[in-house]
Amino acid sequence: MTTPSSGSQHGSVTELDRVTIRFAGDSGDGMQLTGSQFTATTALFGNDVSTLPDYPAEIRAPAGSLPGVSGFQISFSSGDIHTPGDRPDVLVAMNPAALKVNLGDLVPGGAIIVNTDAFNDINLRKAGFAEDPLKNQSLQGYNLYEIPMSTMVAGACEGLGLSSKQVELTKNFFALGVMFWLYERSMAGTEKWIAEKFAGKDAIAEANRRALHAGYAFGETTEIFHTHYRVAAAHLPPGTYRNITGNEATALGFVMASKLAERDLFLASYPITPASDILHQLSSYKHLGIKTVQSEDEIAAIGAAVGAAYGGAMGMTTTSGPGMALKAEMLGLAVMVELPLVVVDVQRAGPSTGMPTKTEQGDLLMSMFGRNSDSPIPVIAPATPAECFTMAIEAWRIALHHMTPVVFLSDAFLATGAEPWSIPNVADLPSIKVENAPASEKAGFRPYQRDPETLARPWAIPGTPGLEHRIGGLEKLDELGTVSYDPDNHHRMNLLRAEKVARVARDIPPTEIYGEATGDLLILGWGSTYGSIRSAVERLQSRGKRVSHAHLRYLNPLPTDLGEMLKNFKHVLMPELNAGQLRMLIRAKYLVDAVGFNLVRGKPFQIGEIEAKAESLLGESVEAAK
Amino acid sequence: MTTPSSGSQHGSVTELDRVTIRFAGDSGDGMQLTGSQFTATTALFGNDVSTLPDYPAEIRAPAGSLPGVSGFQISFSSGDIHTPGDRPDVLVAMNPAALKVNLGDLVPGGAIIVNTDAFNDINLRKAGFAEDPLKNQSLQGYNLYEIPMSTMVAGACEGLGLSSKQVELTKNFFALGVMFWLYERSMAGTEKWIAEKFAGKDAIAEANRRALHAGYAFGETTEIFHTHYRVAAAHLPPGTYRNITGNEATALGFVMASKLAERDLFLASYPITPASDILHQLSSYKHLGIKTVQSEDEIAAIGAAVGAAYGGAMGMTTTSGPGMALKAEMLGLAVMVELPLVVVDVQRAGPSTGMPTKTEQGDLLMSMFGRNSDSPIPVIAPATPAECFTMAIEAWRIALHHMTPVVFLSDAFLATGAEPWSIPNVADLPSIKVENAPASEKAGFRPYQRDPETLARPWAIPGTPGLEHRIGGLEKLDELGTVSYDPDNHHRMNLLRAEKVARVARDIPPTEIYGEATGDLLILGWGSTYGSIRSAVERLQSRGKRVSHAHLRYLNPLPTDLGEMLKNFKHVLMPELNAGQLRMLIRAKYLVDAVGFNLVRGKPFQIGEIEAKAESLLGESVEAAK
Amino acid sequence: MTQSELPVLTKKDFESDQDVRWCPGCGDYSILAQTQKTMPNFGVVKEKIVFISGIGCSGRLPYYMNTYGFHTIHGRAATIATGLKAARPDLMVWVITGDGDALSIGGNHLIHAMRRNVDMKMIMFNNRIYGLTKGQASPTSPIGKKTKSTPLGTIETPIIPLNLVAAAEASFIARSVDTHSEHLQEMMQRAGEHSGAAFLEVLQNCNIFNDGAWRDFTDKSVKEDRMLVLKHGEPMIFGAEKNKGIRLNGLQPEVVTIGENGVSLADLWVHDETDPDATRTQILSRMWWPDFPVPVGVFRRVPRPTHDQLLIEQIEGAKAARAAKGPVDLQKLLASGETWTVK
Amino acid sequence: MTQSELPVLTKKDFESDQDVRWCPGCGDYSILAQTQKTMPNFGVVKEKIVFISGIGCSGRLPYYMNTYGFHTIHGRAATIATGLKAARPDLMVWVITGDGDALSIGGNHLIHAMRRNVDMKMIMFNNRIYGLTKGQASPTSPIGKKTKSTPLGTIETPIIPLNLVAAAEASFIARSVDTHSEHLQEMMQRAGEHSGAAFLEVLQNCNIFNDGAWRDFTDKSVKEDRMLVLKHGEPMIFGAEKNKGIRLNGLQPEVVTIGENGVSLADLWVHDETDPDATRTQILSRMWWPDFPVPVGVFRRVPRPTHDQLLIEQIEGAKAARAAKGPVDLQKLLASGETWTVK
Ligand SMILES: Cc1ncc(C[n+]2csc(CCOP(=O)(O)OP(=O)(O)O)c2C)c(N)n1
Ligand SMILES: Cc1ncc(C[n+]2csc(CCOP(=O)(O)OP(=O)(O)O)c2C)c(N)n1
Ligand code: SF4
Ligand code: SF4
Ligand SMILES: [Mg+2]
Ligand SMILES: [Mg+2]
């Protein structure tokens with residue numbers, strides 16, 4: 001129970017173990033900033049946090065309109081958490097549209113903090129309110145806090161010689177100040193940030209500082225809040241932490257991979273939401289020697305990556321669904337010439353252009369099969385934002401050691417969601433270095449003579465004396481690599497390409513199972529559904545259900561221990577943000593009657609949804625679920 | 001047994017029920033022509049025939065070299081046959097390279113007819129013969145017929161004032177003449193062809209005519225053949241027949257579809273082997289009002305097809321694997337805007353450029369899943385060259401009635417292979433016409449209001465008053481079709497798109513089963529493997545095995561009666577010219593332990609191979625096969 | 001396209017019910033307004049007008065037009081327009097695209113649509129940036145431009161769009177500015193009236209990610225002196241005092257002042273938009289501030305049969321030729337080649 | 001590229017062990033021979049030379065070169081070369097392509113590689129046809145050309161390759177003929193010596209599917225009168241008697257006869273391959289038989305920093321700037337932003 005216990009004395013404190021807050025306002029109201037400031041402070045305070053920004057697809061929809069609403073949700077806790085929370089306990093609504101869009105998600109009895117100054121006729125009409133919800137009874141059942149934020153900041157900023165428009169822009173810091181007071185947060189971090197951000201613009205800086213303090217003071221001095229809240233620090237494992245999004249972790253993971261492989265990193269990419277930030281971040285690392293090219297399209301991008309790989313660099317490309325579709329033919333070439341390559345697909349809602357800023361897990365089968373003829377490629381997927389770092393390194397480890405392109409499947413939720421990350425000690429990370437084929441005096445170099453263990457072919461890069469050879473997309477003669485139309489050779493090469501990828505399974509960690517190794521129900525997931533599934537399983541287990549959770553990071557090849565694991569459960573439930581893509585692979589391979597739970601709504605599963613689905617399965621009737 | 005029964009009197013006749021001949025020579029020797037002439041005459045004679053050309057990928061490899069060898073195989077019979085034969089009974093080898101390349105395929109004791117004049121040192125060396133195989137014992141075990149063809153045609157063509165090079169070019173007609181005599185064929189058809197082909201070039205025409213007759217006379221007068229052969233006419237069902245390749249049948253099928261739908265056909269395509277001939281043929285039908293565009297690439301081609309479909313025409317595109325890979329993104333758009341469209345993929349051996357002239361069934365999963373997010377599309381595949389005609393009409397029937405893109409999967413073997421086709425009576429073919437959405441006075445047209453039965457949306461083409469509306473790749477609001485980011489709407493639309501395609505299954509013929517409806521083994525196939533599977537099953541059944549054959553033309557959605565059918569057999573065997581693509585779909589959907597038989601050698605299965613595989617399965621040990 | 005019943009339509013008729021979703025202050029608003037204003041002038045019934053767009057901020061325009069509209073995928077609008085126009089010569093087809101959509105991912109389709117002279121009117125919103133994806137470099141971004149994807153500045157020589165389409169033999173080539181309403185309307189009018197592939201570059205301001213990209217010369221206060229308004233058959237004069245002009249020195253244009261050191265009107269380069277040789281356009285397209293005033297107007301307008309006309313011609317010709325040999329009989333077509341009958 | 005140890009290599013050193021598989025009589029044989037002959041001249045060790053090709057008959061050339069070679073996919077060779085050169089500035093990168101490969105499916109990559117000035121030497125085999133796929137129209141096929149895909153003749157205005165790459169600001173532009181061995185060698189030599197994106201169009205005969213496409217003016221018997229060999233700094237003279245020349249009349253080149261009605265050497269257009277303005281190339285590229293002699297030689301050669309140079313510059317600059325602030329510490333990088341420690 002997380003709403004203010006009314007009746008308690010002012011100044012009193014309520015202990016909570018988890019709170020979920022959603023900041024919502026117009027795109028112009030700076031909600032993303034407000035949210036990330038609250039996140040940073042809260043993480044610093046020591047809570048476990050998980051966040052989910054939710055901004056409109058339009059660059060900037062008309063002010064006050066419903067599509068223009070921008071939201072940022074943060075869940076923080078004294079225990080450890082895996083999701084940004086199903087439904088907010090507190091909603092900060094800076095205008096009517098924000099209230100309209102988000103009210104439905106709020107928990108019954110939740111708190112609403114509104115900027116009353118924004119509730120004028122025009123805004124109400126834009127939001128489609130027949131009458132002012134603050135005035136009628138429609139918000140009964142919630143704890144409504146009405147604050148004239150614009151008026152208050154106007155007062156606070158008097159004498160700074162700023163235009164009223166400029167002053168108005170500070171109201172998000174006022175709201176932030178209120179929340180800081182309400183949850184006993186320090187303003188220090190944000191004050192520091194303001195000082196740096198607006199260095200030189202003293203008046204602006206001062207205005208924002210004043211707005212922040214005004215908000216805090218407002219909480220403290222007014223009667224309107226009967227209590228404030230304490231969410232104790234979480235007991236995270238020791239270490240140095242930072243808050244990190246999936247895209248940031250992905251970019252850093254590749255920087256680290258390049259260091260651990262002792263090879264240059266080369267990224268060619270074409271911008272596309274929600275993958276662009278990886279390009280942006282790596283482009284800002286020129287001082288680390290990272291080369292980036294913004295290509296003319298996605299085909300050119302993967303083409304350049306293949307060219308760089310051919311030259312001995314760590315060539316890679318980043319994209320999202322529609323761009324991934326365009327890379328199919330060139331990926332096929334990479335399979336044929338057997339060069340290491342990493343392709344990042346930050347999945348978004350489709351088909352086609354779909355809902356570009358929303359999340360989905362729809363590109364698994366395209367990654368597996370979206371090329372002409374049998375064209376096997378390893379596919380891996382991180383489970384949480386922070387894990388993108390580790391898996392980015394994994395992608396390169398596999399690509400380099402097995403001489404193969406690798407697909408790295410992230411998604412919009414991982415990419416933009418954030419969580420605390422225990423920063424690894426660089427010195428502890430193992431090397432993933434591989435050697436180039438050495439120069440040779442004797443003629444007859446065999447570019448397709450394979451490593452007996454991994455079946456990887458030698459990486460013979462231009463510039464190496466004695467290894468001059470030709471490769472290409474035509475079928476190759478085994479070992480020699482010259483063009484061959486021999487029927488049996490083609491069959492053999494197809495088997496070899498498949499076996500090479502299959503052997504990656506020898507080289508991956510065993511599948512962890514959370515809970516008993518046998519039981520009534522195994523919930524099997526992959527990718528960003530990790531948090532919701534794990535939380536649901538925790539709850540089910542806490543209620544004594546014999547439910548376990550396994551989460552796959554390696555989708556192709558599948559772990560060798562998986563088949564056995566599946567046999568040990570009465571039911572297998574597979575929640576996916578698609579129509580059942582991994583489920584099809586699992587059913588085909590193991591002939592296990594895995595049941596799907598498939599919602600494609602452009603957003604993560606809610607914990608409760610998975611819980612309910614599991615319950616229904618445990619209450620038998622597997623049929624119904626089919 | 002089809003080789004001459006030695007000892008018999010000259011002029012005597014041996015009755016045979018099936019003969020398989022392979023004509024082989026240098027690319028420059030005109031073997032494809034010789035083969036098709038023999039085919040035409042043989043078909044005319046009334047045999048059932050099946051042919052398979054096999055030419056080198058290189059435009060024209062060096063004369064006399066092994067890669068330069070071009071072959072054409074024809075199997076003809078008095079009964080009905082389904083394949084061009086596993087191994088030839090007779091090999092016509094115009095030079096040493098042709099002998100070298102093809103000898104391995106010849107049946108033991110088979111007949112070899114060689115042009116001895118071509119067996120000189122240079123050619124022997126080019127073919128990699130240490131010594132002349134005609135001189136050593138290496139051809140024992142075959143019936144070798146040595147004919148100095150070049151010398152003979154030189155003699156025959158004396159006085160025509162042609163260069164020796166020109167005369168030499170006629171030797172394929174000499175070989176043809178010999179074969180005509182050997183199998184009691186009339187020369188009339190070929191003589192007619194020569195007259196037309198070389199109209200105006202009298203000397204050349206005469207030379208070829210003389211060469212043909214010289215060959216025929218040679219067979220008749222010389223002692224070298226002890227017998228000739230009679231393969232009685234087959235008892236094909238009554239009707240008018242012609243010989244037709246898959247690409248020809250496909251092109252004609254689309255012409256017919258356009259007639260039956262009473263709509264203009266529009267083809268945009270980018271050339272690629274082995275699909276180009278469909279573009280060529282349809283481009284030659286301008287007088288039928290068919291519009292064709294050779295686009296700048298495969299993306300532009302499908303883009304233009306989508307544009308034409310949007311305008312109300314039957315927009316389509318044709319390609320092969322690598323080109324198909326490039327169409328992925330635009331196909332996704334077609335799924336989203338729900339326009340009728342037919343995409344032909346004439347599959348070839350891959351991955352990547354692979355072996356462009358060779359056959360494979362590797363693009364099924366790409367057709368199913370090669371797009372971002374869940375993006376369902378019906379997929380159909382013809383089983384024989386002639387059937388391409390019917391299935392091309394089927395492709396359009398489905399596309400038009402269900403307002404969906406449809407993938408038509410042919411392959412190199414169907415495309416270039418030929419068989420007799422009982423020409424349908426145009427008047428008997430049912431209409432596949434659909435109506436455009438009618439003009440409307442009242443506002444509020446709903447471009448996504450679906451037909452309750454098929455879930456097809458209206459085809460509202462530009463130019464229709466009152467239906468002005470906007471469509472695109474962004475997710476649509478149900479019925480209204482405006483852009484929507486509503487989570488539940490997105491989920492609903494995904495289900496609708498899937499269900500729309502699933503309902504195509506209500507609209508397809510029941511799956512035929514050849515043999516008992518229950519038994520020990522069901523061999524389940526799709527596409528061009530039909531002939532080999534059917535022949536194998538015939539043999540197995542004739543030996544009393546409880547084996548049946550089902551062949552799928554509809555791969556997505558799968559026929560609703562399939563699940564039941566599979567249950568009625570102990571084993572299910574699925575031969576595919578890929579790593580088991582349809583098998584994966586079947587196993588995932590029905591949880592049936594279908595066993596694969598997968599050979600990717602760029603050529604069709606041999607009947608014997610499937611037979612053997614089936615035998616081994618019937619001798620249990622399903623495990624081994626896994 | 002049908003001129004049949006000429007309905008009297010107004011701007012309103014071309015406004016859809018969707019509310020417009022561009023950033024406040026975006027140049028796209030003006031382009032949309034001029035588009036809606038111009039449409040009634042063609043005497044084409046609105047159901048015969050189609051707007052096809054790629055992806056980008058520009059790509060959203062069709063949603064706001066009360067005509068047929070197709071918001072396709074990134075860079076491919078020209079291919080869809082090509083098929084639509086070939087299948088439906090009776091329609092008036094407009095293509096809306098951006099500098100990234102048309103020149104980066106869509107560059108090849110642009111060239112080929114132009115050389116085919118597909119009868120489409122393409123309006124390219126050039127804001128020298130990727131707007132929808134929030135600010136990366138585009139093929140028209142100047143060297144050194146710092147963007148999210150080029151934090152140290154781009155290192156790529158920008159494409160001159162009008163020079164490129166001239167190389168592809170576009171039959172109509174023009175340029176205007178988002179905020180120069182009358183001129184923009186005139187250019188749309190001219191593009192719409194042209195039969196064949198029309199390419200109209202609109203210098204557009206993205207006030208969020210690339211504010212003021214063109215301001216140096218498009219700003220009302222300076223445009224007279226810094227822009228050259230091309231007029232067919234007239235000498236190239238510019239400047240607030242109308243006293244500056246362009247003279248050709250060999251292949252090199254140069255800025256001269258009329259009256260100064262003996263330069264007279266007669267010395268100026270006279271514009272001829274019907275010049276069959278695209279060289280003129282290619283020279284003009286390279287004139288750029290501050291070395292030169294930036295030319296706007298119709299650079300090129302030459303008659304050439306359109307792709308759909310030629311296609312129809314071939315078909316009609318083939319039909320006629322065939323008709324001479326008697327009516328087409330599909331049954332015969334199926335039976336072409338050797339046939340035989342089994343009783 | 002390394003000039004370090006200058007090994008004395010010969011044509012033989014550059015011949016691979018693969019036997020050549022083009023149709024007898026194909027122009028590609030001569031191009032291959034000239035390529036192998038030219039390679040030793042650069043003083044580049046053979047392991048540092050890479051040939052990258054797309055798909056087409058032309059695309060097979062790398063198999064016959066005893067260097068590193070990559071036969072990629074259709075139309076994308078330039079993209080792979082871009083990545084390779086950026087990653088490995090020390091290599092000498094050649095790109096082999098065809099008129100379909102470079103101008104049809106690959107047109108966009110061509111333009112962008114040129115504007116980036118990627119240091120690659122691209123040789124385009126222009127036979128005005130699709131050879132490997134057995135004879136369909138290409139973007140350089142003349143209007144009306146009857147091919148398998150255009151039985152009634154093409155209806156598309158062909159692309160002028162050199163005009164297009166000039167529009168993309170290619171820094172080296174040249175043309176030669178397959179059978180004009182010495183000239184072809186010279187052009188390859190010049191292309192190889194150029195630092196930056198070099199585009200060399202080779203008029204090549206496909207004797208199987210488009211025999212004699214260029215014969216009208218390339219044939220030994222007529223080429224003096226019908227082709228113009230461009231020479232830097234020299235007036236444009238041609239003709240067996242060396243008495244014909246090109247004069248510029250405004251923007252229009254015209255053929256004149258020296259000595260006739262007062263035309264003297266001094267009146268002729270003098271070629272300047274270093275002309276910074278690409279207009280000259282665009283005019284020359286439009287000169288075509290029979291109106292004009294067809295120009296061959298180096299049209300354009302201008303210095304411009306290459307893509308890989310600029311990329312490295314940015315990196316070195318950034319490193320230096322960063323070094324000033326002390327050594328890069330990845331641990332710090334990971335910990336950037338707010339951090340906190342849990343004991
Ligand atoms: C295949 C594909 N790649 C990338 C994207 C992402 N994307 C959308 S618009 C755009 C570029 C927009 O720039 P521009 O064409 O200049 O239009 P503007 O937004 O500036 O009007 C990109 C890269 C996409 N939608 N599809
Ligand atoms: C994606 C793709 N589309 C089509 C093809 C088929 N194809 C191979 S080469 C070629 C064109 C060859 O023409 P050109 O580039 O002029 O080379 P040429 O053979 O004439 O030397 C085509 C269309 C292919 N291999 N890949
Ligand atoms: S991002 Fe720029 S171009 Fe896009 S709508 Fe906003 S201002 Fe206009
Ligand atoms: S098809 Fe033409 S281009 Fe290709 S190898 Fe033969 S002659 Fe040369
Ligand atoms: Mg732009
Ligand atoms: Mg060519």
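Keep in mind that what you see is a predicted model, and the values were worked out from it rather than measured. Letters A, B, ... mirror the listed sequences (proteins, then strands); counts begin at 1.
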Please report the closest heavy-atom contact between [X] and [Y], naming both atoms and the distance.
{"X": "Ala198(D)", "Y": "Met114(D)", "answer": "O-CE, 4.3 Å"}
{"X": "Thr82(D)", "Y": "Ala113(D)", "answer": "OG1-CB, 4.4 Å"}
{"X": "Met287(D)", "Y": "Pro293(D)", "answer": "CE-O, 4.0 Å"}
{"X": "Glu156(C)", "Y": "Ile143(C)", "answer": "O-CG1, 3.3 Å"}
{"X": "Val95(C)", "Y": "Ala81(C)", "answer": "CG2-CB, 3.6 Å"}
{"X": "Ala137(D)", "Y": "Ser149(D)", "answer": "N-OG, 3.4 Å"}

Q: Go through the steps to decide whether Arg88(C) and Asp308(C) satisfy the test side-chain contact (heavy atoms from CB on, under 4.5 Å), and finish with yes or no.
A: CA-CA 8 Å; Arg88(C) 294 290 307 279; Asp308(C) 58 283; over 6 Å; no
Q.
Would the distance check show the side chain of Arg300(D) and the main-chain N or O of Ala170(D) forming a donor-acceptor pair, the cut-off being under 3.5 Å?
A.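 Side chain of Arg300(D) to backbone of Ala170(D): a pair is present.
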Q | Backbone of Ser53(C) reached by a side-chain donor or acceptor of Thr72(C) within 3.5 Å | A | yes
Q) In Å and rounded to the nearest 0.5 Å, what is the CZ to CH2 distance from Arg280(D) to Trp269(D)? A)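 Between atom CZ of Arg280(D) and atom CH2 of Trp269(D) there are 5.5 Å.
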Q. Can you check side-chain contact (heavy atoms from CB on, under 4.5 Å) on His232(D) and Val298(D), steps first, answer last?
A. CA-CA 8 Å; His232(D) 180 53; Val298(D) 176; over 6 Å; no
Under 4.5 Å from a heavy atom of chain D, the part of [X] involved:
{"X": "Leu248(C)", "answer": "side chain"}
{"X": "Ile111(C)", "answer": "side chain"}
{"X": "His307(C)", "answer": "both"}
{"X": "Arg286(C)", "answer": "side chain"}
{"X": "Gln252(C)", "answer": "side chain"}

Q) Which is it for Asp119(D) and Thr306(D) under the side-chain hydrogen bond (donor to acceptor under 3.5 Å, both in side chains) test, yes or no, and what are the steps along the way? A) CA-CA 6 Å; Asp119(D) 186 19; Thr306(D) 69; 5.3 Å; no
**Q.** Among Ile246(D), Asp267(D), Leu265(D), side chain to side chain contact (heavy atoms under 4.5 Å, CB included) partner for Pro235(D)
**A.** Leu265(D)
Q. Picking from Asp275(C), Leu311(C), Leu251(C), which has the most non-hydrogen pairs under 4.5 angstrom with chain D?
A.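 Option with the top pair count is Leu251(C).
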Q | Top contributor to chain D contacts, counting heavy-atom pairs under 4.5 Å, from Leu310(C), Thr154(C), Ile155(C), Asn117(C) | A | Ile155(C)
Q.
Does anything in residues 159-169 of chain C reach chain D? List residues with heavy atoms under 4.5 Å apart, or say none.
A. Ile159(C), Asn163(C), Leu164(C), Ala166(C), Ala167(C), Glu169(C)
Q | Residues of residues 103-110 of chain C within contact distance of chain D, non-hydrogen under 4.5 Å | A |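 The list, in residue order, reads Leu103(C), Ser104(C), Ile105(C), Gly107(C), Asn108(C).
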Q) Hey, are Thr150(D) and Thr147(D) close enough side-chain-wise for a donor-acceptor pair under 3.5 Å? A) yes
Q) In terms of heavy-atom pairs under 4.5 Å with chain C, which of Glu313(D), Arg115(D), His112(D) leads? A)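 Ranked by contacts with chain C, first place is Arg115(D).
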Q) Is it the side chain or the backbone of Pro305(D) that comes within 4.5 Å of chain C heavy atoms, both, or neither? A) neither
